[in-house]
2 protein chains.
Amino acid sequence: MVIIITMPRKPFKTLEARACQAARHSKRREVIFEVLNSGHSHLNAEEVHHEARKRLPGIGIATVYRALKFLCGCGQASEFIPADGVARYEPGGSRAHHDHLICTSCGRFIEAVDPAIERLQEKLAARHGFKPTRHKLEIYGICAGCAGK
Amino acid sequence: MVIIITMPRKPFKTLEARACQAARHSKRREVIFEVLNSGHSHLNAEEVHHEARKRLPGIGIATVYRALKFLCGCGQASEFIPADGVARYEPGGSRAHHDHLICTSCGRFIEAVDPAIERLQEKLAARHGFKPTRHKLEIYGICAGCAGK
DNA sequence: GGGCATAGTGATAATGATTACCATTATTAG
DNA sequence: CTAATAATGGTAATCATTATCACTATGCCC
């Protein structure tokens, strides 16, 4: 639950720290961070903007995009792009990796991880002489709630 | 190697046949089909347009988009959207499903399938009461060729 | 072979998400 | 407090894709 919205004033040691090069504290960035961490996850930029305006009415959409990008660079948020091509954001960095089950009926996102799948993916990559850095698994279908109807 | 570019004149029995409702033969659609099946795969719409123009100089980008959509509806092509959000196309329908290893250095796409992963994905979905219809697995990293350099 | 209904096409305007630009505002080291 | 400059808001620009519309091509009918 650490918020990094202020700059490390000294030279950066790691790429990640460099990506996080914020020079000044900013109320808007803080609010956008709070929105991402306020429960309803998987918001797109427009939805984040809508929520953020409840707290800071004047905040602009450009600032939302900038802040989201910045937070992703910091490892404080992560972005993923489902089949409709519109980016969605969730709190936490790639360390909190998980896959998505996406209901094509109600649009709900279910998060899931299967260590066995992760391991097999590593092996699959290795068989092709491929060094994986990240991956994306999305399963589209009908969730339990929608199937019951 | 069957080309469906002419309409089934009678009422359609299946959803798939309906999606394939082409009323007339069209040279452009045929050419676009040929481009998709001509070796270099994973082209985006613009690249397909570029190739198609070599064979039919006057062909427009709108027609390319229309034909690609149509071929996908027929099961003669399939679309997937990598992390940059720009759709790419390959011949064949979802029956020829496979996953992608995408090199972030040279942009190459390697196709792969691992039945074990597929099975585990089914189980993962089932554990969440989820009825999967399709899925997408993309592994980003460095391919063997680029790692060697 | 010619006519006709209409599917297909090309040019381009429209769209929607995202980014770039720029004048203004806010932050903070000194 | 002040200067230097990062952050912001509004909006124009961008880019892939879709919609529109006038025109062309296809193929069933005679």
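Just so it is clear, the structure is predicted and the values come from calculations on it, not from any experiment. Here is the naming used below: chain letters follow the sequence lines, and residue numbers restart at 1 for every chain.
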Student: Among the nucleotides C/dT9, C/dA17, C/dG8, which one has an atom lying closest to any side-chain atom of B/R29?
Tutor: C/dG8

Student: Distance check needed: D/dG9 P versus A/L56 CG, whole Å only.
Tutor: 8 Å

Student: Count the heavy atoms belonging to other residues, nucleotides or ligands that lie under 6.0 Å from CD of A/E46, then report whether that count exceeds 12.
Tutor: no

Student: Measure from the side-chain heavy atoms of B/K69 and tell me the nearest of C/dT18, D/dT18, D/dT17.
Tutor: D/dT18

Student: What is the distance, rounded to the nearest whole Å, between atom CD1 of A/I59 and atom P of C/dT25?
Tutor: 18 Å

Student: How long is the line joining CZ of B/R24 and P of D/dG27, in whole Å?
Tutor: 8 Å

Student: Between D/dT17 atom C1' and B/L43 atom CG, what is the distance in whole Å?
Tutor: 17 Å

Student: Between atom CD in B/E30 and atom P in C/dA7, what is the gap in whole Å?
Tutor: 20 Å

Student: When the nearest nucleotide of DNA chain D is assigned to A/G58 and to B/Y89 on a heavy-atom basis, which residue is associated with the more 5' position?
Tutor: A/G58

Student: Could B/R88 and B/F80 be counted as a cation-pi pair, given that NZ or CZ must be under 6.0 Å from the ring centre and within 45° of the axis?
Tutor: no

Student: Is the phosphate of D/dT8 approached by A/S26 (side-chain N or O, under 4.0 Å from OP1 or OP2)?
Tutor: yes

Student: Given the rule in the side chain to side chain contact (heavy atoms under 4.5 Å, CB included) test, do B/F130 and A/I142 qualify, once you have shown the distances and angles that lead to the verdict?
Tutor: CA-CA 6 Å; B/F130 199 85; A/I142 305 296; over 6 Å; no

Student: Roughly, in whole Å, what's the span from CD1 in B/I61 to C1' in C/dT12?
Tutor: 13 Å

Student: Tell me if the side-chain of B/R66 makes a donor-acceptor pair with the base of C/dG10, cut-off 3.5 Å, by modelled atom types.
Tutor: yes

Student: At what distance, to the nearest 0.5 angstrom, does CG of A/D99 lie from CG of B/L137?
Tutor: 8.0 Å

Student: With A/E34 as reference, evaluate A/K54, A/R55, A/R29 under the salt bridge (charged side-chain N to carboxylate O under 4.0 Å, His left out) test and give the passing residue.
Tutor: A/R55

Student: Separation of B/I32 atom CD1 from C/dG8 atom C1', in whole Å?
Tutor: 11 Å

Student: Please determine if a side-chain N or O atom of B/Y65 lies less than 4.0 Å away from the OP1 or OP2 oxygen of D/dT18.
Tutor: no

Student: A/A62 side chain: which of D/dG9, D/dA16, C/dT18 is closest?
Tutor: D/dG9

Student: How long is the line joining CZ of A/R88 and P of C/dG16, in whole Å?
Tutor: 16 Å

